[in-house]
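Quick notes on the structure that follows.
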Amino acid sequence: MGTVGTGADEIAGEQRQLINVAYRLLGSVTEAEDAVQDAYARWYALPRSRQEEILSPGAWLTTVTSRICLDLLGSARARRERYVGAWLPEPLPDRAEWGHTGGTGPAGPSDPADQIVLDESVSVAFLVVLESMTPAERVAFVLHDVFRYPFAEIADVLGRTPAACKQLAAAARRRVSAAQPRATVTGQADVVRHVKEAWESKDIAALVSLLNPAAVMTADGGGNAGAVLRPVEGGARIAQYMVAIADKASGLELLERSVNGMPGLVAQRAGVVMTVAAFDVSDGRVTRIWAVRNPEKLRPWARES
């Protein structure tokens with residue numbers, strides 16, 4: 001799990017990989033950054049002689065980061081119970097879409113969100129499935145199936161045998177396989193574009209035709225922004241809810257943007273991002289909408305002045 005050597009540059013070079021691992025394990029940029037910083041603090045707290053004994057600092061850092069994430073996942077249920085309304089993963093923007101580079105994008109170049117690779121393993125739909133797993137399943141699956149670490153090394157993280165880790169990953173894989181087949185990026189972009197147009201025109205009938213009858217919309221305000229506390233179920237109810245929002249939200253601008261690497265929508269007012277919506281599309285219709293409104297989770301989307 002990493003490179004060999006104890007040079008400062010080599011140690012610092014592991015940060016991108018660690019952030020990517022931690023975000024997929026936790027679904028939170030903030031918590032991922034804290035976990036990685038904690039792992040680095042533990043490394044630098046080691047005596048120099050101990051550091052020199054470690055043949056692969058990258059492997060050591062990945063193991064420690066994963067264990068920290070495992071502990072956080074273990075306490076997540078209690079934290080979720082205290083959370084106001086539904087908890088959703090923190091959405092990530094694609095900096096290129098904002099027409100900025102370097103420090104003038106939605107966040108500065110040192111923002112950990114900039115280091116996360118946007119692929120199918122960070123789509124909101126995928127992260128939501130990961131949330132349904134036990135902490136041990138999630139760690140085993142992410143490390144093995146996403147990052148291709150061998151079970152012998154994962155066993156060191158989880159404190160279990162390689163065979164037990166293999167079983168955990170297999171159970172997690174079944175959860176992923178049970179999820180509905182999803183649209184391609186192009187197919188989802190077309191549907192999301194039509195949703196945007198129907199939403200802007202407040203066309204309930206058009207929205208209903210774009211939503212699966214069993215569709216579910218979940219909003220995350222975290223008690224810091226207005227949002228329904230329970231999921232809205234059914235295509236017709238979601239369509240009516242969306243139009244009701246459009247009626248009340250004067251001056252709101254809808255933008256088609258990549259959300260965690262998949263086509264989504266961003267609602268902003270006076271240049272400030274208010275809501276980031278991710279979608280799950282199957283057979284040409286929306287099956288799930290995840291709308292994040294908690295401003296604490298929208299920090300990567302904040303434009304710099």
Test side-chain contact (heavy atoms from CB on, under 4.5 Å) applied to [X] and [options], the passing residue:
X: Arg24; options: Ile19, Val117, Leu143, Val139; value: Val117
X: Pro91; options: Val259, Val273, Leu127, Asp220; value: Val259
X: Trp60; options: Thr62, Thr63, Val64; value: Val64

Residues Gln37, Asp34; criterion side-chain contact (heavy atoms from CB on, under 4.5 Å); working and verdict: CA-CA 5 Å; Gln37 288 180 345; Asp34 289 345; 4.1 Å; yes
With a 4.5 Å cut-off on side-chain heavy atoms, are [Y] and [X] touching?
X: Leu158; Y: Leu70; value: yes
X: Arg138; Y: Glu131; value: yes
X: Tyr23; Y: Asn260; value: yes
X: Gln51; Y: Ile11; value: no

Can you tell me how far [atom2] of [Y] sits from [atom1] of [X], rounded to the nearest 0.5 angstrom?
X: Met217; Y: Leu211; atom1: CE; atom2: CG; answer: 9.5 Å
X: Ser132; Y: Glu137; atom1: OG; atom2: CD; answer: 8.0 Å
X: Lys196; Y: Ser201; atom1: NZ; atom2: OG; answer: 10.0 Å
X: Ile245; Y: Leu252; atom1: CD1; atom2: CG; answer: 9.0 Å
X: Leu265; Y: Ile289; atom1: CG; atom2: CD1; answer: 8.5 Å
X: Asn212; Y: Ile238; atom1: CG; atom2: CD1; answer: 9.0 Å

[X], [Y]: one ILVMFWY side-chain cluster at the under-4.5 Å cut-off?
X: Leu229; Y: Val292; result: no
X: Leu73; Y: Val29; result: yes
X: Tyr149; Y: Ile54; result: yes
X: Val129; Y: Val146; result: yes
X: Phe279; Y: Val228; result: yes

Quick one: does any side-chain atom of [X] pair with a main-chain N or O of [Y] as donor and acceptor, under 3.5 Å?
X: Thr65; Y: Val36; result: no
X: Arg175; Y: Met133; result: no
X: Trp43; Y: Leu61; result: no
X: Gln240; Y: Ile204; result: no
X: Arg79; Y: Leu72; result: yes
X: Asn224; Y: Asn294; result: no
X: Arg269; Y: Gly251; result: no
X: Asn20; Y: Arg16; result: yes

May I have the step-by-step check of salt bridge (Lys or Arg N to Asp or Glu O under 4.0 Å) for Glu197 and Arg193, ending in yes or no? CA-CA 6 Å; Glu197 293 168 350; Arg193 182 173 301 111; 5.5 Å; no
Glu14 vs Tyr40, side-chain contact (heavy atoms from CB on, under 4.5 Å): CA-CA, chis, key distance, verdict: CA-CA 10 Å; Glu14 296 291 334; Tyr40 271 104; 3.7 Å; yes
Going by the angle between their ring planes, with limits at 30° and 60°, are Trp87 and Tyr83 parallel, tilted or perpendicular? perpendicular
Return the orientation label for the Phe126 and Phe141 ring planes: parallel under 30°, perpendicular over 60°, tilted otherwise. tilted
Identify the heavy atoms of [X] and [Y] that sit nearest to each other, and give their distance.
X: Ala227; Y: Gly221; value: CB-N, 3.7 Å
X: Ala152; Y: Pro162; value: CA-CG, 4.1 Å
X: Val216; Y: Pro231; value: CG1-CB, 3.7 Å
X: Leu55; Y: Pro57; value: O-CD, 3.6 Å
X: Leu26; Y: Ala32; value: CD1-N, 3.8 Å
X: Ala236; Y: Val208; value: CA-CG2, 4.0 Å

Is the closest basic N to carboxylate O distance between Asp71 and Arg67 below 4.0 Å? no
Output, in order, the C-alpha distance, side-chain angles, deciding distance and verdict of side-chain contact (heavy atoms from CB on, under 4.5 Å) for Val286 and Val191. CA-CA 8 Å; Val286 174; Val191 174; 3.7 Å; yes
Fellow cluster residues of Val185, listed by chain then number, with links counted only when side-chain atoms sit under 4.5 Å apart: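 Members alongside Val185: Met262.
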Considering residues at least two apart in sequence or located in another chain, which fulfil the side-chain hydrogen bond (donor to acceptor under 3.5 Å, both in side chains) criterion with Glu233?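 Glu233 satisfies side-chain hydrogen bond (donor to acceptor under 3.5 Å, both in side chains) with no residue once adjacent residues are dropped.
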For Asp283, look at atom CG and say whether over 12 heavy atoms of other residues, nucleotides or ligands are found less than 6.0 Å away. no
Pick from Glu90, Glu33, Lys297, Glu296: which one makes a side chain to side chain donor-acceptor pair (under 3.5 Å) with Ser28?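 Result for side chain to side chain donor-acceptor pair (under 3.5 Å) with Ser28: Glu90.
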